[in-house]
Amino acid sequence: RAHLPPGVRLDWSCIDVRPAGNGCQKFDGERLPDSDASADVVLFNWVLHHASSRTLALLREARRVARTFVLIDEDLKAEDSVQASRQYRHDWRATFRAAREWRELFAAARLTLVAEHVPEHACDRIYRTPRRLFVLAPPHPTPRSAPGAAATASGGEGGGDSNDGEGDGGDLDAPRS
């Protein structure tokens with residue numbers, strides 16, 4: 001459980017595709033309304049399964065806006081028919097992906113997997129479905145090199161084929177390889 005140090009202020013904003021009235025800014029579902037590298041953290045909280053075919057574009061938007069981290073808290077693909085039924089009732093048009101599929105999308109979006117966490121089911125006793133929190137880092141800009149120096153492009157690679165197991169639900173774990 002993190003606490004902000006004294007004197008540290010957290011500025012945040014909320015965007016949502018739903019009509020205004022929930023305290024969030026109206027979002028067109030495609031382009032984040034922020035300038036390049038303007039936020040320390042971009043968080044998608046249990047929404048990308050609703051984006052379906054727009055997921056990769058939204059991950060790239062998060063990479064564009066984030067300076068330090070992109071956090072993806074997401075429902076994973078059902079592991080049995082009971083979970084699948086819940087997910088279908090939740091949104092029959094949604095695309096639920098396995099952790100491996102998320103890692104492939106992160107690599108395609110050039111986001112580096114820094115950590116992965118399996119949240120405890122205690123946080124949601126009704127809609128019990130597999131979930132994962134992915135902590136990602138955007139590529140850092142390449143510093144300008146001196147004349148004649150070799151420039152190296154930095155690009156994120158996903159976490160590879162890490163373990164898809166449920167884990168212990170404890171602290172954030174480094175990606176497994």
Side-chain angles (χ1 to χ4, degrees), residues 1-2 12-33 39 41-63 65-66 69-137 156 158-177:
R1 315 291 174 222
W12 64 279
S13 62
C14 174
I15 60 174
D16 200 329
V17 294
R18 295 180 186 216
N22 59 0
C24 295
Q25 177 183 349
K26 180 78 169 134
F27 172 51
D28 68 8
E30 295 184 17
R31 182 159 172 85
L32 297 177
V41 176
V42 173
L43 165 66
F44 288 110
N45 197 29
W46 300 323
V47 298
L48 288 178
H49 56 273
H50 298 292
S52 298
S53 64
R54 294 183 319 275
T55 301
L56 182 57
L58 287 171
L59 289 171
R60 288 177 175 149
E61 274 294 286
R63 181 192 73 212
V65 171
F69 292 113
V70 175
L71 304 177
I72 308 295
D73 201 3
E74 191 54 65
D75 296 342
L76 299 182
K77 183 182 275 184
E79 297 171 345
D80 59 41
S81 62
V82 173
Q83 292 172 354
S85 177
R86 282 188 197 122
Q87 288 179 340
Y88 184 81
R89 284 192 313 267
H90 170 67
D91 183 350
W92 62 270
R93 298 165 301 210
T95 303
F96 294 96
R97 295 175 171 89
R100 176 191 51 78
E101 294 171 286
W102 280 110
R103 289 185 209 100
E104 290 169 0
L105 279 169
F106 303 149
R110 292 188 12 200
L111 291 164
T112 301
L113 182 62
V114 174
E116 200 171 320
H117 173 70
V118 179
E120 295 179 32
H121 282 293
C123 67
D124 188 346
R125 297 175 193 268
I126 297 170
Y127 182 65
R128 292 182 65 111
T129 192
R131 288 187 166 155
R132 196 66 51 98
L133 171 64
F134 300 99
V135 179
L136 309 161
D161 288 338
S162 64
N163 184 349
D164 285 336
E166 282 300 305
D168 62 2
D171 294 333
L172 288 177
D173 299 316
R176 300 169 191 93
S177 49

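Computed over heavy atoms, backbone and side chain alike; hydrogens, waters and symmetry mates excluded.
- Side-chain contact between Leu111 and Leu59 is present, with heavy atoms from C-beta onward closer than 4.5 Å.
- Arg97 approaches Leu48 most closely through the heavy-atom pair NH1-O, 4.3 Å.
- Partner Val42 forms a side-chain contact (heavy atoms from CB on, under 4.5 Å) with one of Leu58, Leu136, Val65 and no other, that one being Val65.
- Residues passing the salt bridge (charged side-chain N to carboxylate O under 4.0 Å, His left out) test with Glu30, sequence neighbours excluded: none.
- By the side-chain contact (heavy atoms from CB on, under 4.5 Å) test, Ile15 is found to be paired with Gln25, Phe27, Leu32, Pro33, residues two or more places apart in sequence or in another chain being considered.
- Defined by atom type and a distance below 3.5 Å, a donor-acceptor pair is missing between the side-chain atoms of Asp91 and His49.
- Shortest non-hydrogen contact noted between Pro119 and Leu133 is CD-N, 4.3 Å.
- Taking both residues in full, the closest heavy atoms of Val114 and Ala137 are given as CG2-CB, 3.7 Å, listed atom of the first, atom of the second, then distance.
- A distance of 8.5 Å separates CG in Asp80 from OG1 in Thr129, rounded to the nearest 0.5 Å.
- Taking the side-chain contact (heavy atoms from CB on, under 4.5 Å) definition, one finds that Ala78 meets it with Gln83, Ala84, Gln87, sequence neighbours left out.
- Under the salt bridge (charged side-chain N to carboxylate O under 4.0 Å, His left out) criterion, Arg89 pairs with no residue at all, not counting sequence neighbours.
- Atom CZ of Arg100 sits about 12.0 Å away from atom CG of Leu76, to the nearest 0.5 Å.
- If you take CD on Glu116 and CH2 on Trp102, they are separated by 12.0 Å, rounding to the nearest 0.5 Å.
- Using a 4.5 Å heavy-atom threshold, the side chains of Lys26 and Asp16 count as separate.
- Scanning all heavy atoms of the two residues, the minimum distance from Arg93 to Ser52 falls at O-OG, 3.4 Å.
- Qualifying salt bridge (charged side-chain N to carboxylate O under 4.0 Å, His left out) partners for Glu61, counting only residues two or more places apart in sequence or in other chains: Arg31, Arg64.
- Residues His90 and Trp46 fail the side-chain proximity criterion, which asks for heavy atoms closer than 4.5 Å.
- Taken to the nearest 0.5 Å, the CD atom of Glu74 stands 9.0 Å off from the CG atom of Asn45.
- Scanning all heavy atoms of the two residues, the minimum distance from Ile72 to Val70 falls at CD1-CG1, 3.8 Å.
- The distance from the CD atom of Glu101 to the CZ atom of Phe106 is 11.0 Å, given to the nearest 0.5 Å.
- One finds the CG atom of Leu71 at 10.5 Å from the CZ atom of Phe44 (value rounded to the nearest 0.5 Å).
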